[in-house]
A.B. asks: 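One structure, pasted below without further comment.
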Amino acid sequence: MYGQKYLCITRPRRFGKSVMANMVAAFFGKAVDAEKLFERLAIARNEYYKTHLNKHNVVFIDFSEVPRDCTNYKQYITRIQDGINNDLAKAYDDLSIDTTRASWDILADIFQEKGEKFIFIMDEWDAMFHMSFITREDKEAYLLFLKSLLKGKVYVELAYMTGVLPIAKYSGGSELNMFLEYDMATKRKFSEYFGFLDSEVDELFERYQKGTAHPAVTREELRMWYDGYCTAKGKRIYNPRSVVCALTDNELSNYWTSSGPYDEIFYYIRNNIQDVRDDIVLMVSGEPVPIVLQGYAVTGTELKTKNQIYSAMVVYGLLTYENKMVSIPNKELMDKFRELLLNNNSLGYVYNLARESERMLAATLAGGDQL
């Protein structure tokens with residue numbers, strides 16, 4: 001492997017982070033012969049395809065998984081370390097590995113004895129930051145864990161992390177500064193891989209029409225419901241999971257589900273209503289709003305200004321960012337906005353204002369007859 005070996009790819013929830021992590025692991029890992037999965041894909045035409053396909057030791061960690069009845073960070077991180085250590089002990093049974101030692105010490109010993117390196121695939125790296133039992137001290141300990149496992153280690157061949165939240169917000173020092181970070185809104189590199197392009201949806205839609213007895217979804221409806229996200233390259237992309245679900249179910253629906261982090265963002269809107277009220281009215285009415293996009297903004301820290309709030313909403317995929325403006329990307333998210341506004345009493349009147357704005361705009365376009 002050559003070049004930069006520490007990569008963190010952050011993208012909104014429901015944008016295929018786990019699918020991508022599993023794909024990378026399936027390609028590099030020795031455990032299963034994956035040639036049938038990849039032989040039809042573009043990667044098979046790469047000159048190094050055979051060199052790397054199923055030729056590497058892979059350590060795969062899903063940080064969203066927790067022990068049963070987990071109530072503290074020690075239980076959480078112990079499960080991860082024990083999993084790594086036990087897998088290494090099985091794979092290298094000739095080394096009599098002591099599984100009570102730190103994972104990085106065991107990995108260093110394996111490299112010294114065997115000369116073997118490892119690819120680390122880490123899915124949902126930021127999952128623990130939204131767990132209710134995690135404290136500030138726990139977050140610092142977690143960053144130290146990742147540093148100890150990865151930074152400057154001779155046994156690391158590649159470290160690939162996925163998540164929603166960028167590293168920079170949590171890494172106040174130099175714990176994880178070896179990672180290059182790529183996101184959909186501000187980084188041009190890899191941006192075409194964050195969602196489905198028009199051409200890819202065209203191909204999926206053609207398959208759907210041929211394979212579905214009574215197709216109930218039109219191509220234009222897919223665009224209205226799930227398109228609208230914009231990459232740093234200016235490419236328009238669709239929410240991949242929602243497109244797949246709609247075509248699989250043969251039904252347009254809101255496949256976006258809410259969770260704690262999203263509700264927390266709306267908490268900040270509710271408590272900063274004077275600054276954001278007019279903007280929310282505009283966006284729910286379909287109008288973009290100018291902002292200064294923060295490099296990162298997340299719910300792990302206090303969001304005090306509307307720029308911080310809107311930047312966090314871009315990170316989570318609730319808004320899209322284009323030409324220094326934020327907007328609600330499509331009908332799926334517009335419906336979610338309206339639902340969340342109506343479910344918050346203090347924001348209900350904002351929704352009513354938006355509806356009135358829509359009515360007045362429609363009447364104006366119709367020549368004023370309905371005013």
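Since this is a predicted model, take the numbers as computed values, not measurements.
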A.B. asks: Tell me whether Leu41 is reachable from Phe190 by hopping between hydrophobic residues (I, L, V, M, F, W, Y) whose side-chain heavy atoms are closer than 4.5 Å.
C.D. replies: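 Yes; Leu41 is reachable from Phe190 via cluster members.
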
A.B. asks: Under a 3.5 Å cutoff, is there a donor and acceptor pairing between the side chains of Thr218 and Glu221?
C.D. replies: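 Thr218 vs Glu221: donor-acceptor pair found between side chains.
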
A.B. asks: Would you check if the side chain of Tyr73 reaches a backbone N or O of Tyr142 as a donor-acceptor pair within less than 3.5 Å?
C.D. replies: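 A pair under 3.5 Å: yes.
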
A.B. asks: Side-chain heavy atoms under 4.5 angstrom apart, residues restricted to Ile, Leu, Val, Met, Phe, Trp, Tyr: same cluster for Val284 and Met325?
C.D. replies: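 Hydrophobic grouping puts Val284 apart from Met325.
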
A.B. asks: Please say yes or no: joined through hydrophobic side-chain contacts below 4.5 Å, possibly via intermediate residues, are Val19 and Ile61 part of one cluster?
C.D. replies: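 No.
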
A.B. asks: Which residue pairs satisfy the ring pair (Phe, Tyr, Trp, His ring centres under 6.0 Å) criterion with at least one member in residues 211-244, sequence neighbours excluded?
C.D. replies: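 Checked against ring pair (Phe, Tyr, Trp, His ring centres under 6.0 Å) - neighbours excluded - the pairs reaching residues 211-244 are Phe15-Tyr229.
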
A.B. asks: Checking the side chain of Asn330 only, and the main-chain atoms of Asp227 only, is there a donor and an acceptor separated by less than 3.5 Å?
C.D. replies: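 Yes, because the side chain of Asn330 sits within donor-acceptor range (under 3.5 Å) of the backbone of Asp227.
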
A.B. asks: With Asn57, which residues qualify under side-chain hydrogen bond (donor to acceptor under 3.5 Å, both in side chains), at least two apart?
C.D. replies: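 side-chain hydrogen bond (donor to acceptor under 3.5 Å, both in side chains) check on Asn57 returns Lys30, Glu116.
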
A.B. asks: Identify the heavy atoms of Met128 and Lys139 that sit nearest to each other, and give their distance.
C.D. replies: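 It is CE-CA, 4.2 Å.
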
A.B. asks: Between Asp126 and Phe63, is a side chain to side chain contact (heavy atoms under 4.5 Å, CB included) present by the stated rule, with each step listed?
C.D. replies: CA-CA 7 Å; Asp126 54 335; Phe63 285 107; over 6 Å; no

A.B. asks: Mind jotting down which residue pairs meet the salt bridge (charged side-chain N to carboxylate O under 4.0 Å, His left out) criterion with at least one end in residues 311-320? Sequence neighbours excluded, please.
C.D. replies: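 Output for this query is empty, none listed.
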
A.B. asks: Quick one: closest heavy-atom pair of Val217 and Glu251, and the distance?
C.D. replies: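 Closest approach of Val217 to Glu251: CG2-N, 3.7 Å.
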
A.B. asks: Is it the case that the side chain of Trp125 and the backbone of Leu146 share a donor-acceptor pair, with hydrogens and angles ignored and the cut-off at 3.5 Å?
C.D. replies: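 Checked: no pair found.
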
A.B. asks: What verdict does the side chain to side chain contact (heavy atoms under 4.5 Å, CB included) test give for Leu247 and Leu222, after you've listed the backbone C-alpha separation in whole Å, the side-chain angles of each residue and the deciding distance to 0.1 Å?
C.D. replies: CA-CA 9 Å; Leu247 295 181; Leu222 286 177; 3.9 Å; yes

A.B. asks: Hey, are the side chains of Leu319 and Tyr310 touching, using non-hydrogen atoms and a 4.5 Å cut-off?
C.D. replies: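 Yes; the side chains approach each other to less than 4.5 Å.
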
A.B. asks: Run the side chain to side chain contact (heavy atoms under 4.5 Å, CB included) check on Leu95 and Glu113 step by step: do they pass?
C.D. replies: CA-CA 8 Å; Leu95 296 183; Glu113 293 289 333; 4.1 Å; yes

A.B. asks: Tyr321 and Ile291: which non-hydrogen atoms are nearest, and at how many Å?
C.D. replies: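 Nearest pair, atom of Tyr321 first, then Ile291: CE1-CG1, 4.1 Å.
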
A.B. asks: Can you confirm whether Leu158 sits close enough to Phe118 that some side-chain heavy atom of one is under 4.5 Å from a side-chain heavy atom of the other?
C.D. replies: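 They are not in side-chain contact.
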
A.B. asks: Please name all residues satisfying side chain to side chain contact (heavy atoms under 4.5 Å, CB included) with Ala127, sequence neighbours left out, ordered by chain then number.
C.D. replies: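 Listed in chain order: Ser64, Glu124, Met131.
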
A.B. asks: For Glu39, enumerate each residue passing the side-chain hydrogen bond (donor to acceptor under 3.5 Å, both in side chains) test, keeping only those at least two apart in sequence or located in another chain.
C.D. replies: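 Testing Glu39 for side-chain hydrogen bond (donor to acceptor under 3.5 Å, both in side chains), a comparison that skips the adjacent residues, returns none.
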
A.B. asks: Contact between Tyr6 and Tyr160 at the side-chain level, heavy atoms closer than 4.5 Å - yes or no?
C.D. replies: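 Counting from C-beta outward, Tyr6 and Tyr160 never come under 4.5 Å.
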
A.B. asks: Indicate the atoms forming the closest heavy-atom contact of Asn54 with Ala34, along with that distance.
C.D. replies: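 The answer is OD1-N, 2.8 Å.
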
A.B. asks: Quick one: do Lys187 and Glu181 satisfy salt bridge (Lys or Arg N to Asp or Glu O under 4.0 Å)? Show the steps, please.
C.D. replies: CA-CA 8 Å; Lys187 299 292 186 181; Glu181 297 187 67; over 6 Å; no

A.B. asks: Check whether any side-chain N or O of Thr231 sits under 3.5 Å from a backbone N or O of Lys233 as a donor-acceptor pair, and report yes or no.
C.D. replies: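 Pair found, side chain donor or acceptor close to backbone of Lys233.
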
A.B. asks: Is there a path of hydrophobic side-chain contacts, each under 4.5 Å between heavy atoms of I/L/V/M/F/W/Y residues, joining Leu37 to Ile119?
C.D. replies: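 Yes, because Ile119 and Leu37 connect within a single hydrophobic cluster, where side-chain heavy atoms sit under 4.5 Å apart.
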
A.B. asks: Show your working on side chain to side chain contact (heavy atoms under 4.5 Å, CB included) between His130 and Leu165 and close with a plain yes or no.
C.D. replies: CA-CA 11 Å; His130 293 305; Leu165 308 182; 3.8 Å; yes

A.B. asks: Under 3.5 Å, is there a donor-acceptor pair linking the side chains of Asn254 and Lys331?
C.D. replies: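 No, no side-chain donor-acceptor pair sits under 3.5 Å.
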
A.B. asks: Check side-chain hydrogen bond (donor to acceptor under 3.5 Å, both in side chains) between Glu35 and all other residues, then give those that pass, not counting sequence neighbours.
C.D. replies: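 By the side-chain hydrogen bond (donor to acceptor under 3.5 Å, both in side chains) rule, Glu35 matches Lys50.
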
A.B. asks: How about Tyr255 and Asn239: does a side-chain donor come under 3.5 Å of a side-chain acceptor?
C.D. replies: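 Tyr255 vs Asn239: no donor-acceptor pair found between side chains.
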
A.B. asks: Please enumerate all residues that pass side-chain hydrogen bond (donor to acceptor under 3.5 Å, both in side chains) together with Asp123, with sequence neighbours excluded.
C.D. replies: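 With neighbours one apart ignored, the set is Ser18, Thr162.
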
A.B. asks: Report yes if some heavy atom in the side chain of Leu107 is under 4.5 Å from a heavy atom in the side chain of Leu149; otherwise report no.
C.D. replies: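 Side-chain contact under 4.5 Å: yes.
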
A.B. asks: Answer yes or no: is there a donor N or O on one side and an acceptor on the other, between the side chain of Thr320 and the main chain of Cys230, under 3.5 Å?
C.D. replies: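 Looks like yes, one N/O pair under 3.5 Å.
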
A.B. asks: Output every pair passing salt bridge (charged side-chain N to carboxylate O under 4.0 Å, His left out) with a member in residues 68-83, not counting sequence neighbours, ordered by first then second residue.
C.D. replies: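 Checked against salt bridge (charged side-chain N to carboxylate O under 4.0 Å, His left out) - neighbours excluded - the pairs reaching residues 68-83 are Glu65-Arg79.
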
A.B. asks: Can you check whether Ile237 reaches Met184 side chain to side chain, under 4.5 Å on heavy atoms?
C.D. replies: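 Side chain of Ile237 against side chain of Met184, heavy atoms only: contact under 4.5 Å found.
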
A.B. asks: What pairs of residues pass the salt bridge (charged side-chain N to carboxylate O under 4.0 Å, His left out) test when at least one of them lies in residues 84-108, not counting sequence neighbours?
C.D. replies: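 As it turns out, the salt bridge (charged side-chain N to carboxylate O under 4.0 Å, His left out) pairs with a partner in residues 84-108, which skip direct neighbours, are Asp94-Lys114, Arg101-Asp109.
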
A.B. asks: Measuring only between side-chain heavy atoms, which start at C-beta, is Phe205 closer than 4.5 Å to Lys210?
C.D. replies: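 SC-SC contact between Phe205 and Lys210 ruled out.
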
A.B. asks: Do Thr71 and Gln75 have side-chain N/O donor and acceptor atoms under 3.5 Å apart?
C.D. replies: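 Note: Thr71 and Gln75 side chains meet the donor-acceptor criterion.
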
A.B. asks: For residues Tyr193 and Tyr182, establish whether the separation of their ring centroids is below 6.0 Å.
C.D. replies: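 Tyr193 vs Tyr182: aromatic centres not under 6.0 Å.
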
A.B. asks: Using the ring of each side chain (for Trp, its six-membered ring), is Phe27 parallel, tilted or perpendicular to Tyr49, with breaks at 30° and 60°?
C.D. replies: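 The arrangement is tilted - the two ring planes meet at 30° to 60°.
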
A.B. asks: Which value, rounded to the nearest 0.5 Å, describes the distance between Ile167 atom CD1 and Leu143 atom CG?
C.D. replies: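 Those atoms lie 9.0 Å apart.
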
A.B. asks: With under 30° as parallel and over 60° as perpendicular, where do the rings of His56 and His52 fit, or are they tilted in between?
C.D. replies: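 Judged by the thresholds at 30° and 60°, the geometry between His56 and His52 is parallel.
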
A.B. asks: What heavy-atom pair brings Phe194 and Thr10 nearest, and what distance separates the two atoms?
C.D. replies: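 Smallest heavy-atom distance, with atoms named: CE2-O, 3.2 Å.
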
A.B. asks: Using modelled atom types only, decide if a donor and an acceptor are shared between the side chain of Gln4 and the backbone of Met178 within a distance under 3.5 Å.
C.D. replies: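 Here the side-chain-to-backbone pair exists.
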
A.B. asks: So do Ile121 and Val59 actually touch side chain to side chain, heavy atoms under 4.5 Å?
C.D. replies: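 In short, these two side chains do not touch, never coming nearer than 4.5 Å.
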
A.B. asks: Using the test salt bridge (charged side-chain N to carboxylate O under 4.0 Å, His left out), find all partners of Asp202 that sit at least two apart in sequence or belong to another chain.
C.D. replies: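 For Asp202 the salt bridge (charged side-chain N to carboxylate O under 4.0 Å, His left out) partners, ignoring immediate neighbours, are Arg219.
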
A.B. asks: Enumerate the residue pairs fulfilling salt bridge (charged side-chain N to carboxylate O under 4.0 Å, His left out) with a member in residues 15-24, sequence neighbours excluded, ordered by first and then second residue.
C.D. replies: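 Those involving residues 15-24 do not exist here.
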
A.B. asks: So Leu53 and Phe28, do their side chains get closer than 4.5 Å, heavy atoms only?
C.D. replies: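 No, every pair of side-chain atoms sits at 4.5 Å or beyond.
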
A.B. asks: Where the side chain of Glu200 meets the backbone of Leu197, is there a donor-acceptor pair that is under 3.5 Å apart?
C.D. replies: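 Side chain of Glu200 to backbone of Leu197: a pair is present.
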
A.B. asks: Give me the atom names and distance for the closest heavy-atom approach of Lys147 to Leu176.
C.D. replies: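 Distance-wise, the nearest heavy atoms are N-CD2, 3.9 Å.
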
A.B. asks: Say whether Val32 and Met20 are linked into one hydrophobic cluster, either directly or through other cluster members, by side-chain heavy-atom distances under 4.5 angstrom.
C.D. replies: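 Cluster IDs for Val32 and Met20 differ.
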
A.B. asks: Determine whether more than 12 heavy atoms belonging to other residues, nucleotides or ligands lie under 6.0 Å from atom NZ of Lys235.
C.D. replies: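 It does not: Lys235 NZ has 12 such atoms or fewer within range.
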
A.B. asks: For Tyr76, which residues count as a ring-ring contact (aromatic ring centres under 6.0 Å, His included) partner, sequence neighbours excluded?
C.D. replies: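 Once residues adjacent in sequence are excluded, Tyr76 has no partner under the ring-ring contact (aromatic ring centres under 6.0 Å, His included) criterion.
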
